Amino acid sequence: MNKIPRIAVFASGNGSNAQRLAEYFAKDGMPKIAAIYCNKPDAFVLERAKHLEIPSVLFGRDTFYNTQFILADLKTREVDWIILAGFLWLIPDYILNAFPQRIINIHPALLPLYGGKGMYGARVHESVIAAGDKQSGITIHYVNEHYDEGDIIFQATCKVQPDDTPDMLAAKIHELEYEHFPLVLRRLLVIGK
Ligand code: GAR
């Protein structure tokens, strides 16, 4: 049998996607979440990690950008893939180089629309609504040195109604994320396509 892929989930905030991935993958342990990495001491994802009994690693900006501590920790945990689930910092070159085409992000819009620095969470949905777009969606993509610009793996769409608020759109987007993110990752990481 092939080796079970081991993943690191990076998250900065609420962590509902991280939890969804953990619960979905727990059914058969494939892939295995080795740890959840977080850059915010008060992020709710840390509580979720505790309840899910997944180790968590909290780090600050200096550690992330000016040391190789996180890379060493990823190696110690034998991580094969890095999954960004609501992680808001740019991935530094030393990690990108160690995980070529093995870092995957989920973005709450149809890239290349509404991506780039500062485009996350509510800001994305406010921009979609302000532009009067009739649809939005999710993009799962490889991560490179620029925000939201790596090769696209998967997209799914939803309708934007004229009276949708950013919160209503966020809820639709989250539903799409919960539906597709675990399946796309399972297919790519475990089955290999
Ligand atoms: C998700 O909607 C994710 O797509 C988005 O942050 C949210 C995190 O929610 N990511 C970005 O905006 C990245 N640019 P969660 O913490 O509840 O999983």
Side-chain angles (χ1 to χ4, degrees), residues 7-26 33 35-52 54 56-59 61 64 81-92 95-96 103-131 133 135-160 164-186 188:
I7 69 176
V9 176
F10 279 55
S12 300
N14 182 19
S16 67
N17 274 287
Q19 178 164 346
R20 167 75 180 137
L21 295 180
E23 287 172 352
Y24 188 85
F25 297 152
I33 300 184
I36 292 177
Y37 291 76
C38 178
N39 61 322
K40 282 237 174 108
D42 58 349
F44 190 61
V45 70
L46 293 168
E47 289 301 314
R48 295 187 194 262
K50 233 180 268 166
H51 283 287
L52 291 161
I54 296 174
S56 59
V57 179
L58 178 64
F59 57 89
R61 188 170 278 280
F64 197 46
W81 294 82
I82 296 175
I83 309 303
L84 311 185
F87 183 69
L88 304 182
W89 286 356
L90 201 60
I91 301 297
I95 296 182
L96 285 173
I103 308 178
I104 295 172
N105 180 44
I106 188 159
H107 186 78
L110 295 171
L111 292 175
L113 300 174
Y114 307 108
K117 190 167 165 51
M119 269 298 186
Y120 57 86
R123 290 195 208 169
V124 175
H125 309 309
E126 283 160 12
S127 304
V128 169
I129 288 170
D133 290 2
Q135 69 165 10
S136 189
I138 60 168
T139 303
I140 297 170
H141 66 97
Y142 290 107
V143 171
N144 66 15
E145 64 275 32
H146 304 292
Y147 279 105
D148 305 322
E149 285 187 15
D151 295 341
I152 292 174
I153 299 165
F154 175 88
Q155 292 185 305
T157 62
C158 63
K159 286 207 169 88
V160 182
D164 274 353
T165 63
D167 279 351
M168 287 158 74
L169 182 53
K172 286 190 218 179
I173 294 290
H174 265 124
E175 283 310 312
L176 275 185
E177 294 183 327
Y178 304 153
E179 180 184 350
H180 295 288
F181 202 21
L183 275 72
V184 169
L185 291 177
R186 159 76 55 81
L188 187 66

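When a ligand or atom number is given, it counts from 1 through the structure's own listing order. Everything quoted here is computed from the prediction, not taken from an experiment.
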Seminar exercise, completed: Under 4.0 Å from one or more heavy atoms of Tyr120, ligand 1 contributes atoms 11 (C), 12 (O), 14 (N)

Exercise. Just going by heavy-atom distances, which of Ile173, Val9, Asn17 is nearest to atom 18 (O) of ligand 1?
Worked result: Asn17

Exercise. Any N or O of Glu177 that comes nearer than 3.5 Å to an N or O of ligand 1?
Worked result: yes

Exercise. Which ligand 1 atoms does Gly121 reach within 4.0 Å, using its non-hydrogen atoms?
Worked result: 12 (O)

For this session: Mark up the atoms of ligand 1 that fall under 4.0 Å of a heavy atom belonging to Met119, in ascending order.
Result: 14 (N)

For this session: Before signing off on this row, confirm whether Tyr178 and ligand 1 have an N or O atom pair separated by under 3.5 Å.
Result: no

Exercise. So is Phe87 polar-close to ligand 1, meaning N/O to N/O under 3.5 Å?
Worked result: no

Exercise. Is the closest N or O pair between Ser16 and ligand 1 shorter than 3.5 Å?
Worked result: yes

Exercise. Which residue owns the protein heavy atom closest to atom 9 (O) of ligand 1, what's the atom, and how far is it?
Worked result: His174 NE2, 3.1 Å

Exercise. Going by atom types alone, do Glu149 and Asn144 pair a side-chain donor with an acceptor below 3.5 Å?
Worked result: no

Exercise. Does the side chain of Ser16 pick up a donor-acceptor pair with the side chain of Tyr178 at under 3.5 Å?
Worked result: yes

Exercise. Between Asp133 and Tyr114, is any side-chain donor less than 3.5 angstrom from a side-chain acceptor?
Worked result: yes

Exercise. Roughly how far apart are Leu110 CG and Gln135 CD, rounded to 0.5 Å?
Worked result: 5.5 Å

Seminar exercise, completed: If you compare Ala11, Gly15, Ala85, Ala109 by their heavy atoms, the one closest to atom 16 (O) of ligand 1 turns out to be Gly15

Exercise. Less than 3.5 Å between some nitrogen or oxygen of Asn105 and one of ligand 1, yes or no?
Worked result: no

Seminar exercise, completed: ligand 1 to Asn14, heavy atom cutoff 4.0 Å, flagged ligand atoms 16 (O), 17 (O)

Exercise. So, does Lys117 use its side chain to make a donor-acceptor pair with the main chain of Tyr147 at under 3.5 Å?
Worked result: no

For this session: Applying side-chain hydrogen bond (donor to acceptor under 3.5 Å, both in side chains), name anything that partners Gln155, two or more places apart in sequence or on another chain.
Result: Thr139

Exercise. So does Lys50 pair up with Glu47, basic N to acidic O under 4.0 Å?
Worked result: yes

For this session: Take the angle between the ring planes of Phe87 and Phe64 and call it parallel below 30°, perpendicular above 60°, tilted in between.
Result: perpendicular

For this session: Evaluate the ring planes of Trp89 and Phe59, with Trp represented by its six-membered ring, and classify them as parallel (under 30°), tilted (30 to 60°) or perpendicular (over 60°).
Result: perpendicular

Exercise. Numbering the atoms of ligand 1 from 1, which are under 4.0 Å from a heavy atom of Gly86?
Worked result: 6 (O), 8 (C), 10 (N)

Problem set entry | Heavy atom of the protein closest to atom 11 (C) of ligand 1 (residue, atom name, distance) | Pro108 CD, 3.5 Å

